[in-house]
Each structure stands twice: as C-alpha cells, then as structure tokens.
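Before we start, here is the structure in question, set down as structure tokens.
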Amino acid sequence: MSIDKSEVEKIAWLTRLAIDKEDIANYCNELTDIVNLMEQMNSVDTTDIAPLAHPINLFSRLRIDKVTETDQRENFQENTVETKDGYYLVPKVID
Amino acid sequence: MYKSTLVQLSTALESKKISSEELIRLYIERCNKHNNSLNCFITITEEEALKKARQADKKRASGDYNLLTGIPIAQKDIFCTSGTKTTCGSKMLDNFIAPYDATLIKKMNNAGLIMLGKTNMDEFAMGSSNETSFYGPVKNPWDESRVPGGSSGGSASAVAARLSPAATGTDTGGSIRQPSSFCGITGLKPTYGRVSRYGMVAFASSLDQGGPMTQTAEDAALIMNIIAGFDEHDSTSTEKPTDNYTEKLNNSIKGLKIGLPKQYFDENLDNNVAEVIENGLKELEKLGAKCVDVELPHTELSIPAYYVVAPAECSSNLSRYDGVRFGHRCKEPKDLSDLYCRSRQEGFGKEVKRRIMTGTYVLSAGYYDAYYIKAQKIRQIISNDFKNVFKNVDIIAGPTTTGVAFKLNEKLNDPISMYLSDLYTVSVNLAGLPAISVPSGFINKLPVGMQLIGNYFQESLLMNVAHQYQKVTDWHQKIPQAYE
C-alpha cells in the first residue's frame, strides 16, 4: 500500500491543513510507512470480534436540567484575536 | 532538603524545621539555576508560588491545614491553570490562558500544594522523547545528550534532578511510565476514568489518563489520595469509590502471584535491561512473591492498533484548533478556509501534523473499516488477553521500555522507530489498565524502570508492591551527580 500525492492533498484538505508543496513527498513516504505498519493488523482474523471503542463499560449520565454555569463571555473571549459586540470575527463568508 | 520526598517535606513543615516560604525559595532557586540546561519548565511561577507559600505558612500557624499544605509540585503544561498560560508544548497555544482550572489542579490547590511552574512536554503529548515540543527538547539529567522520554519529559527531568519533589504527568501510550523509567523516578498511570480529564488538553480521549510522577510509590499514593475520584465535569469519570491509597502500602506481598509475559522478554528487549528486570523480580520473590510465565500473545499488534486509534482520536480532538476562538490565528487570512488551513499549518509542529494526517486518513471514507474498525477489534483482543491473564495472577511485571534513554536526535526523523519504542506501554492504555514504573537499576549510569501492571482499579496493590520493593532497594534514591 502506498499513499500518493493526490491522496496526501485530499487528506490535508479534509483536515483543513495547509501543506507546502515541498513537504508533499515527505508526507507520501511517512504515511506510506505508517500505513504499512498498520497492515500488520491483518495477520489476525477478527471476523467475529466486536470492536472496542472504549476500555471501561460506561453509560451516559443524566443530570437535572438546571443552569450550573454562569455566562463568562468576556472572560472566554480574552483568548481570541478579534471580537465585535460579543461575537467572534472571521473573514466574510457571504458576499 | 531538596532530596526529600513529599512525606519527608510534610514532616519537616510539621516540625517547623523549615517554613513553606523557605522551601519554595529553595526549589525556585534550583529551578532557575538548572532550567537553562535541562529546559524542563516552560513557565516558572515564582511570584505566585511565593505568595501562596506565605499564605500556607499562615494556615499552618493557624492550625487550618492539610498534610501537604505548603509543599511544591510541578504541573505538566497540559493541565489548564487559570491565570498561568497553558501551552501543551505547542505554538498553537503559546498565547493561551485558560479561563478555568483543571479538576486535578483544583484538587491539588485545595490540598494546599503549591505549583512551581508548568513543565515542558511533547507537543500535545505526541511523542516519546520530548523533542517535539515547540519550546525545545528537555534534557535527561543523567546524561544531557540523551532524551528524558516523553511526553511528560519535563516532569520526569524536573523530579529526577530534584527541581521539584513531585510532578504530574499524563499517559496516553506510556507518557508517564516511559519518561519515569528513562529518568529514574516512580510514575503511576491510573485506571482509565480514575482521575478526571476535565481541563486536561485532549489528545486521544479513550486513552488519556493523568497521574503522579514522584520519587517514591508512597508519595504517588499521597498524590492519588488527592487527585483520584469522580468528577461530574468528565463524562468518562468513574463513580466507583476510591481507595485510601496509603492504607495498604505496608501490606505484606507474601504469596503475591506475578505474571511474566513471555512477549515482554523476547528478542525486542535489550539484554542488559532484561538482567536489571530479572534482578528486580528476584527482590520481589525474596519478599514472598511468586513469578509465573504468562502469555500476552498480541503484544506486537498493540503498536499498529495504538497508532491507528490514537491519531484517529487526535485528528478529531484537534479539529477545535481553527484559529477562531482561541489559539494561534494566521495573519491576514484571504477567506475562512485560508484562516483554518494556515492557522493550523503555522500553529502545529511536524509530529502533530503527521498524526492529524494519519488519523484523518484512517477515519476517511473507504479506509474506516480497514484501519479504524480493525484497530478497535485488535483492541478488544488485547484487552481480552489481559483479562485472561488476570484470572490467574495478581499483577503483571516486566520492563517499562525496550532499552535505556536514547540520544537526542537519534529517532527524531524516524517516526516508526520512535513508535516501536512504546512496545510495553501502549497495550496498557488500549486496555485501560493501571500500571506503575519503578526505578530498578542502572545500565552505564542510565536508569531502568520495572513496570508493574494491575487489574482494573488495583492502584493500591501496585503502589503496595512498589513500596515494599522500595523498602528493600535504593534505586529510587539515586540522584544524578550534577544535581547533588
């Protein structure tokens, strides 16, 4: 299994990560090596095995529908670059 | 005084041999003196620590105090601390000041422990050498040309050089145990769900677990008494009651049955490390334990399974870093896509990008079943292997790592070789079990750790065995000469 340039570009777009052209060959090689390592898993037949997503048996807890958190908008927005009237500013999306 | 354990510092404060302010000054001085060479702290919180020390002294004088009031601790820079920046070793969070404290931090503050600073780590905890940090690599105090291990390398280095009597770490695939082994300290990875993950920057949420990195198992138990327990803010936190972790430390381990997995002692293991571990096991046998051979037949598959599951979860968790609400934002974005793509390109380092790309690939249409579901099935098999072994033994023992601390840059450009070095640690995370690394000897002046793995929620037993071992050995008391 090998991962080519178009695959690398597709994955980068899916995860919204800009990559430099000169890094693409490197990504192809490294991801190919990693995928080949993953292929080792095929040495075991897992047909009747249930996938394990989580190590401990858990169930979703419910809580009383009551306000427990206070509004901290100003506090939270201290970590961003641009805000206006309490909103986060991003480049214009609609013309 | 700087050689003291938490237990000894508590006694010294109680008997008024030293004040908290004097103690904090002593450690801050050591941190400032040695941090240039070791680079184990990203932030040293000198002023705040001294302020808290003076408050602690007042509390002690008034009689309103806890066992560890006024004692310093170093916090891994993955735990959110309000008022002090939390970088997670990344340029992405270089400017991030959390608006709240992680539950673990809150519990430690309430117990009176005083934070000396935030320790360096692999970026977003992704790495086994602490070389992927945006803030530069951490050095191993036993040999500064070597790595301290990772991802909690700053915490391990700081405790080994006694710049702090104890620290916290997080362990997703060995990030507490492997650096503890490389630096000659004691590190406990609790059962998944035992310690709250609230306010701990997420890497792989079904694997991440915080825990103590200390000089001794006894100190680890003191820390566990503070940080373990249910937290309503963490949906994966367990409601199972906690133990009193110090209560059973002195139990006899006579008759304890220890399983030795054949797969942990095969050709992957360095011969010298094998000898150190065998000597460690002999000590446990002298204390009355019995060793039996067991099988964990799918150990080697834990590496590929882990390096599917962890990057998959990481690619999902790290999608929150979009340059909008917090974290790095690129300059003059053309449009919204450019804002996302460039902020992420500029904010993340090489290894983080590699894992995000890998994770996105295994979760993408057409590959999901072949890799992600396959890895989860392997995870089930590995977990079942452990369950079978624990039907017949009390704990499992073996090496923490395949070899001693490697050289800086030795594996940095060879990700596969770096991943393979996690052979004995990742399966524990896949299964969600507790495990501890205990200093057990040296090879050419480099420490070696023995790993003890317990059944679910058997932290008390692990610390009991480690404590009994530390009563008859002195490996955990060794300090690198340059820091004496």
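These numbers come from the heavy atoms of this one structure, side chains and all, not from hydrogens, waters or symmetry mates. Below, chain A is the first sequence line, B the second, and so on; all start at residue 1.
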Checklist entry - If you take all heavy atoms of A:Asn79 and B:Asn95, which pair is closest and at what distance? => result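 The answer is OD1-O, 3.7 Å.
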
Next on the checklist: Out of B:Tyr361, B:Tyr367, B:Phe326, return the one with the most heavy atom pairs under 4.5 angstrom to chain A.
Outcome noted: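 Winner by heavy-atom pair count: B:Tyr361.
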
Next on the checklist: Which atoms of B:Leu420 are under 4.5 Å from chain A, going by heavy atoms: the side chain, the backbone, both sets, or neither?
Outcome noted: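 It is the side chain, since no backbone atom gets that close.
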
Next on the checklist: Heavy-atom cut-off 4.5 Å, strictly under: side chain, backbone, both or neither for B:Ala431 against chain A?
Outcome noted: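 Backbone only.
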
Next on the checklist: If you compare all heavy atoms of B:Met357 against all heavy atoms of A:Val8, which two are closest, and at what distance to 0.1 Å?
Outcome noted: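 Reported closest heavy-atom pair: CE-O, 3.6 Å.
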
Item to check | Residues A:Arg16 and B:Ser319: side-chain donor-acceptor under 3.5 angstrom | outcome: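 No donor-acceptor contact under 3.5 Å links the two side chains.
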
Next on the checklist: Less than 4.5 Å to any heavy atom of chain B: does that hold for the side chain of A:Gln40, its backbone, both, or neither?
Outcome noted: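 It is both, since atoms from each part get that close.
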
Item to check | B:Glu232/A:Arg63 salt bridge by N-O under 4.0 Å criterion | outcome: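 No, A:Arg63 and B:Glu232 are not salt-bridged.
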
Checklist entry - What are the two closest non-hydrogen atoms of B:Val308 and A:Met41, and how far apart are they? => result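 The pair with the smallest heavy-atom distance is CG2-CE, 3.9 Å.
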
Checklist entry - Shortest non-hydrogen contact from A:Val44 to B:Lys374? => result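 In this case the closest contact between A:Val44 and B:Lys374 is O-NZ, 2.8 Å.
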
Next on the checklist: Heavy-atom cut-off 4.5 Å, strictly under: side chain, backbone, both or neither for B:Val309 against chain A?
Outcome noted: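 Neither part.
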
Checklist entry - For B:Thr191, is it the side chain, the backbone, both or neither that has a heavy atom under 4.5 Å from a heavy atom of chain A? => result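 The answer is the side chain of B:Thr191.
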
Checklist entry - Where does B:Tyr372 contact chain A at under 4.5 Å (heavy atoms): side chain, backbone, both or neither? => result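 Neither; nothing under 4.5 Å.
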
